Each structure stands twice: as C-alpha cells, then as structure tokens.
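Heads up: the structure comes next, in structure tokens.
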Amino acid sequence: MKQLFALLQPKTARTKILWVLLGINLLAAAAYTFYVWELKSSSAREAIDARLIAGVSAAPKMIGDDYLRRASQPGAIDKGEYLRLVRSLNEYSQQTGVRYLYVFIESEGKLVYVADAADEREIAAQNYGHHFQLYETTPHPAILDTLHTGRRNFAEYRDRFGYFRSAFQRIEAAPGQYMVVGADVDIRFVRTELAKALQQSLAIGGAFFLLGVLGSIWLARMLSRPVHRLADAVERVRQGDYQAQLQVAGNDEFARLAQAFNAMNAALAERERQNARLLEELARNEEVLEARVQSRTQELAALNSTLLAHERELDSARAQAEQASQMKSLFLANMSHEIRTPMNAILGMAHLALQTELNPKQHDYVQKIQRSAKHLLGIINDILDFSKVEAGKLQMDSVEFELATVLDSLADLLEEPCQKKGLRLHFEIDPALPAKLAGDPLRLSQVLINFANNAVKFTEHGDIVLRARLASQDAQGLLAHFEVEDSGIGMTPAQQAQLFQSFQQADATTTRRYGGTGLGLAIAKELVGLMGGEVGVRSIPGVGSTFWFSARFGLPNPAQSETRPTNPAELGALQGTRVLLVDDNEINQEIGAHLLRRAGIEVDLANDGQMALDMLKHRDYQLVLMDLQMPVMDGLTATRLIRAQPRFAHLPVVALTANAMAGDKERCLAAGISDHIAKPIEPQELFKLLARWLPERMPQASLPQ
C-alpha cells in the first residue's frame with residue numbers, strides 16, 4: 001500500500017508517466033466499448049429501417065391507385081371497403097413485424113387519415129383513423145417535411161405503448177395530389193439488446209483496463225528511475241554546478257542519454273564562459289539600440305497618423321464615387337425608359353404611315369422622320385452600351401450563325417447611304433473562312449456597322465472595301481481578321497492617337513462637321529476585347545483609312561440539326577391566334593394591335609396588370625405581351641400572379657418594355673417572363689419572337705413586312 005501511495009503522489013515523473021499510461025489504457029477500453037455498442041446499434045437500426053422501407057413501399061400497392069385517387073374526395077369511400085382495407089393492412093403488419101401502417105393526406109391545412117392498420121378490437125371500439133372523422137392535429141415534423149419536400153424521413157418517439165421508430169414516404173395519388181405513407185416498428189427489444197451489449201463490452205473493457213493498470217505501474221517504475229537520476233543532475237546544473245556527471249551503465253537509451261547529458265554539461269560550462277564575455281558587449285550596445293528604437297517609434301507614429309488620415313479620405317471618396325455611380329445608373333435607366341417610350345410611338349407610327357397611301361413628298365418626309373428616329377435610337381443604345389462597359393456588365397452570347405447572313409445585313413444597311421454619295425461597296429471574303437461560326441453575331445455586326453458607317457461618313461467619293469480572312473485555326477476554334485478600308489479624309493498620327501477613347505474623335509473640326517458622340521469606337525474596342533481580339537487603324541491624311549479588328553469564334557457542332565430559317569414571304573400562319581396586349585399607353589396599344597392584326601392575329605387590349613388578370617379568367621390566350629411599368633398593377637406583379645395559377649404554367653408571357661438597362665431582362669425572367677423584347681419594337685423582331693413562342697400555330701412562321 002505504501003508503494004502504491006508513493007506512485008500516486010503528484011509532482012513526480014513516475015506518477016505522471018503512470019497517469020499517461022492509464023489514460024491511454026482508459027481511452028482504448030472506452031473506444032472498444034463504443035465500437036461494440038455502435039456496431040450492434042447500426043446493425044439493428046439497418047434491419048429495422050429495411051423493414052420500415054418494405055412496409056411503406058408495400059402499403060400503396062395494397063391500397064391501390066383507385067382508392068388513393070378517390071380518398072381525396074370526401075364521401076367517395078364505402079365504409080365496408082374501408083374496413084376491408086384496414087384489416088388487410090393489419091394482417092400485413094402482423095406478418096412482417098411492422099407495428100402500424102397508415103396513410104395521410106393534407107386537407108384544409110390538417111393531416112387527415114386516408115387509411116391505417118387496425119385489429120378487430122380497435123375496429124369494434126372505433127379506435128382507428130378514417131378520412132371522415134379523424135385528424136392529426138399535432139403531426140410529427142418529419143411527416144410534414146416528407147409531404148412538402150418528397151424526402152423519405154425516419155423518426156423515433158415514445159408514447160404510452162413504448163419506444164417506436166417510424167418511416168415516412170411520399171406518394172403521388174393523382175397529378176398534384178400527394179400523400180404520406182407511414183410505418184412504425186417497436187424498438188423496445190432493440191434497446192434491451194443494446195443494453196446487454198453495452199454491459200458485455202463494459203465488462204471486457206474493464207478487464208482490459210485492470211490488466212493495463214498493472215502493466216502501467218510496472219512500466220512507470222522502470223522508466224522513472226533513470227529519469228529521477230537525470231532530474232537530480234539537471235537540478236545541480238541549474239544551481240550552477242557544471243561538474244555534475246551521470247554514471248553510464250550499459251548501452252541502452254538511458255545510457256546514451258547519460259552520455260549526451262555529460263557532453264552537454266561540458267559544453268554548457270564552455271558556453272557559460274563565452275556568455276559572460278557577450279553580456280558585457282550586449283550591455284554596451286543596449287543603450288544605443290534603445291535610442292534608435294525610440295527614434296523609429298516616433299517616426300512610425302507620425303507616419304501611421306498620416307496614413308489613417310489618407311485612409312479616411314479614400315473611404316469618403318470611394319463612398320461618393322459609389323453613390324455617383326448608382327445615381328448615374330438610375331438616371332440612365334429612367335432616361336432610357338422615358339426616351340424609348342415616345343421613340344416607340346414615333347417609329348411605330350412612321351412604320352404605319354409608310355403602309356398607307358402617301359404622295360412622294362409625304363413619303364419622303366416620313367422616311368426622314370424614321371431615319372432620324374433610328375439615328376437617335378442608335379445614340380441611346382451607344383450610351384447604354386457605354387454604361388454597361390463602365391459597370392463591367394456587358395456580356396457576350398455564343399450561338400451558331402452564318403457569316404454570310406451578317407455581311408448581307410450589313411450590305412443592305414449600307415446600300416442606300418452609299419448610293420446617295422455615289423460610293424462603291426466591295427466585299428473580299430477569304431474562301432478559307434467557314435460558312436458557319438459560333439459566337440455573338442449581334443456584337444460582331446455592331447462593330448462592323450460602326451466601322452462601315454464611319455467609312456461612309458468620312459468618304460465623299462471612291463470605294464469602301466470590307467475584307468474578312470482566316471488568321472489562324474485550331475481544334476478549339478479560329479481567329480478571324482476583318483478590315484474596313486475607305487478612300488476618305490484620312491488622319492494624322494496625332495488624330496489616330498485620340499481614337500478608341502470615350503467621347504473622343506479625331507479633332508473638334510471633325511465633330512462639328514460630321515457629328516457623333518465619340519462612343520462608337522470605344523464601345524467597339526470593348527466588344528472586340530470580349531471576343532478575344534484586338535483593334536487598330538492605319539491611315540494616311542487625304543488618302544484614306546483602314547480600321548481593322550480580330551475576333552475569336554468557335555466552330556459549330558456538325559451533328560447539331562439545322563433550324564429552318566423563317567421565310568418572311570409566307571403569310572397566314574398566324575391566322576386565328578389570340579394574343580393579349582397589356583400596355584397603359586394608348587399609342588403603343590394602337591401600334592401593337594395594328595401590327596398583330598395585319599398578321600391575322602386576334603388582339604385584346606388591357607390597360608394594366610389587374611385588367612389582364614381579369615381578362616385571363618374569362619378567355620383563353622395563346623400568348624401575353626406584357627408592359628412592365630403600368631398604373632394599378634405593374635407587369636412583374638401581374639406575371640407572378642399569372643404563374644401562381646397552375647393552368648397558366650406554360651402560357652408564354654413576353655415582356656414588352658422600354659427598360660433596356662443591364663439586369664432588366666434577368667429580373668423579367670426571375671418573375672416568370674418567358675422572353676423579353678425592348679422598345680422601340682422592330683416589326684420583324686416582334687414576329688420572329690412570336691414564331692419562337694407559338695410554334696404549334698406557326699409551322700412555317702410568316703412575318704409581315
């Protein structure tokens with residue numbers, strides 16, 4: 001007992017070693033006990049879960065689809081049929097070891113029993129669930145989660161009958177009609193088995209622990225003796241006795257440790273003599289260092305104060321810049337909407353006027369109005385694109401397109417201005433360029449149109465040549481090189497340096513003579529950068545200029561099926577289609593209705609979102625054209641309410657709006673809008689959109705000119 005008490009005394013190496021060994025032994029015994037219990041627990045739980053899953057899977061088959069469909073209709077189930085089903089479920093439960101089977105449905109915010117298992121005594125006492133009489137007023141959260149999410153859930157609970165484990169699984173009785181099947185299993189016997197397993201593992205672990213205690217005592221005594229001698233020697237060294245030596249006996253680890261200690265002690269004696277000399281030198285240098293540190297501390301404090309002041313100024317400037325950027329974006333969005341709404345009326349009415357009988361002078365006046373309006377719209381689009389570039393929100397699409405189609409559209413656009421000035425337009429296309437490419441044809445056309453319009457603007461006579469050639473090609477795609485050459489006024493090197501910058505042109509004289517915002521080339525440079533290319537210019541004053549750029553494109557998938565192009569000459573395919581046009585502007589209503597009716601579309605008009613909802617209740621429409629900013633109810637709110645009704649889940653709703661800033665289209669799609677078209681509306685774009693969303697009524701979509 002005295003030896004055991006001495007081993008347990010604190011502050012000794014022997015006691016500490018003993019406690020470490022006992023702790024390791026205790027952890028090992030506890031880990032073994034937990035492993036045995038967890039193994040039995042997992043095995044029992046897996047067996048129970050397999051029985052529960054079999055039960056919830058078999059119940060719908062036993063009940064039958066016909067019964068489940070009728071169960072959601074009060075009064076549709078005969079009581080005799082219901083009692084036969086109750087007995088059948090009870091018989092299955094007794095055969096498979098399942099305690100209970102039941103089926104829930106949610107009705108009027110409560111869970112209602114559709115069917116459950118019950119024996120003859122419960123039936124006689126009417127202690128069983130029925131669709132017409134029993135509700136689950138406090139359902140288990142796992143049941144509601146299964147009903148609403150479709151996930152299978154397990155749960156354990158205790159009631160006056162004992163401990164039970166349950167499984168819940170959702171079934172679809174009818175389209176949109178979900179029910180929950182549940183099954184219970186009594187787990188009291190599992191708890192008993194687990195208790196026995198825990199007792200056994202504790203007994204075995206305790207035996208191992210006692211053996212470990214005895215071994216730990218012996219090992220601690222063996223390890224502590226040389227350690228104790230080493231501790232005494234170290235204490236003597238601590239007191240300054242560097243002559244202390246340990247006796248070396250044998251060649252084990254402790255003997256090598258004693259030799260190392262003796263060598264260390266000799267080295268320490270030599271170091272002590274060297275340290276005495278160094279301390280004298282350090283004392284002399286300490287005063288010098290303290291003076292230097294004090295000086296540097298004062299300098300750093302002054303610098304830190306200056307940096308803090310600058311940081312506050314930068315924070316204030318950044319906040320002001322962010323506020324200014326937000327105000328600018330809001331201003332551009334409002335101005336875009338306010339300008340595009342009357343612009344839609346101007347272009348629309350000009351288009352309608354050109355369809356009427358006009359004398360040559362009137363026809364010329366209306367055409368000039370239309371061209372001027374389109375020019376103003378181009379300036380607005382340049383400003384919006386520039387704002388997107390500044391905000392870093394300009395994005396590129398990647399679709400399959402034909403290069404010839406882009407160039408044909410460019411030729412059609414330049415034909416009239418070239419004829420007016422007597423210019424000759426030439427295209428030189430490299431035969432090595434593939435006919436079809438993958439990229440953003442809209443942005444490619446935007447750059448080409450900008451360069452070509454500048455060439456026409458600054459050229460009074462001669463030729464305009466557009467070249468396209470293949471620069472390089474690999475497995476991922478190709479690099480194309482484009483040039484627009486003119487025989488215009490040309491530019492000096494100083495004037496060329498001003499290009500491709502925001503709000504910059506060659507010089508002030510050019511601005512006054514030829515006009516322009518100075519944004520086109522800056523936007524073109526950003527677009528070319530997004531297409532993975534470069535942009536530049538070669539020019540000689542009085543001879544002409546050549547604007548060039550490169551762009552990277554992908555190669556289309558040859559296995560992808562080709563889509564049939566829309567033939568504008570085919571008419572009558574829209575006959576009988578009914579469309580609801582929602583817009584609070586009477587002029588926009590008149591323009592839209594006229595365009596649609598010319599294509600044979602039946603059009604109904606609504607002044608706001610609430611009127612549109614009311615009209616949808618009384619008449620079926622194949623498509624809804626929805627303005628966004630309207631009184632009473634805006635377009636996004638109306639669209640969300642439309643999508644909330646299941647019968648309108650697949651009804652195309654197209655946003656017809658003057659909002660064209662970044663993020664407008666995304667907000668429309670998030671609200672349930674099917675597609676987006678910005679005002680002013682081009683008739684061809686409108687009918688192409690209808691052809692995309694009404695394919696069943698438009699096998700060969702026809703677009704009125």
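On a predicted model such as this, the values are computed, not experimentally measured, just so you know.
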(Q) Could you go through L641 and M633, starting from their C-alpha distance and side-chain angles, then the distance that decides it, and tell me whether this counts as side-chain contact (heavy atoms from CB on, under 4.5 Å)? (A) CA-CA 11 Å; L641 295 176; M633 181 183 293; 3.7 Å; yes
Hey, is the main chain of [Y] close enough, under 3.5 Å, to the side chain of [X] for a donor-acceptor pair?
X	Y	value
T459	A455	yes
T639	G635	yes
R692	D675	no
D583	N588	no
S550	G533	no
D463	V465	no
S409	T405	yes
E485	T546	no
Q495	T492	yes
R640	A671	no

Does a side-chain heavy-atom distance below 4.5 Å link [X] with [Y]?
X	Y	answer
D608	D627	no
L625	L580	no
P434	L478	yes
L581	L605	yes
M615	Y621	yes
E590	H594	no
L425	E415	no
E460	L423	no

Give me the atom names and distance for the closest heavy-atom approach of [X] to [Y].
X	Y	answer
P441	V406	CB-CG2, 4.1 Å
S539	G544	OG-O, 3.3 Å
V582	G609	CG1-N, 4.3 Å
A480	L433	CB-CD2, 4.2 Å
I642	M626	CD1-CE, 4.1 Å
C668	A655	SG-CB, 3.9 Å

Q | Reference residue H481; test ring pair (Phe, Tyr, Trp, His ring centres under 6.0 Å); the match among F549, F553, W548 | A | W548
Q | Side-chain ion pair, R538 and E483, N-O less than 4.0 Å | A | yes
How many angstroms lie between atom [atom1] of [X] and atom [atom2] of [Y], to the nearest 0.5 angstrom?
X	Y	atom1	atom2	result
L596	T577	CG	OG1	10.0 Å
M491	I489	CE	CD1	8.0 Å
E602	D604	CD	CG	8.0 Å
I673	L636	CD1	CG	6.0 Å
L521	E526	CG	CD	12.5 Å
E311	T306	CD	OG1	12.5 Å

Q | With D412 via side-chain hydrogen bond (donor to acceptor under 3.5 Å, both in side chains) - residues at least two apart | A |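 D412 satisfies side-chain hydrogen bond (donor to acceptor under 3.5 Å, both in side chains) with no residue once adjacent residues are dropped.
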Q. For R469, which residues count as a side-chain hydrogen bond (donor to acceptor under 3.5 Å, both in side chains) partner, sequence neighbours excluded?
A.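 Partners of R469 under the side-chain hydrogen bond (donor to acceptor under 3.5 Å, both in side chains) test: none.
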(Q) Can you list everything that forms a salt bridge (Lys or Arg N to Asp or Glu O under 4.0 Å) with R318? Sequence neighbours excluded, please. (A)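 Counting only residues at least two positions away or on another chain, R318 forms a salt bridge (Lys or Arg N to Asp or Glu O under 4.0 Å) with D315.
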More than 12 non-hydrogen atoms from neighbouring residues, nucleotides or ligands closer than 6.0 Å to [atom1] on [X], yes or no?
X	atom1	answer
Q645	CD	yes
L442	CG	yes
H650	NE2	no

Q: Could you please spell out the steps behind the side-chain contact (heavy atoms from CB on, under 4.5 Å) verdict for L555 and Q473?
A: CA-CA 10 Å; L555 297 176; Q473 184 172 352; 3.7 Å; yes
Q.
Before we go on, tell me: are the rings of F451 and F482 under 6.0 Å apart, centre to centre?
A. no
**Q.** side chain to side chain donor-acceptor pair (under 3.5 Å) between Q589 and N607, worked out
**A.** CA-CA 9 Å; Q589 286 184 354; N607 296 329; 2.9 Å; yes
**Q.** Step-by-step side-chain contact (heavy atoms from CB on, under 4.5 Å) determination, L651 to R643
**A.** CA-CA 8 Å; L651 174 65; R643 292 295 183 226; 4.2 Å; yes
(Q) If you apply the rule side-chain contact (heavy atoms from CB on, under 4.5 Å), what do you find for C418 with V456, and how did you get there? (A) CA-CA 7 Å; C418 286; V456 174; 4.0 Å; yes
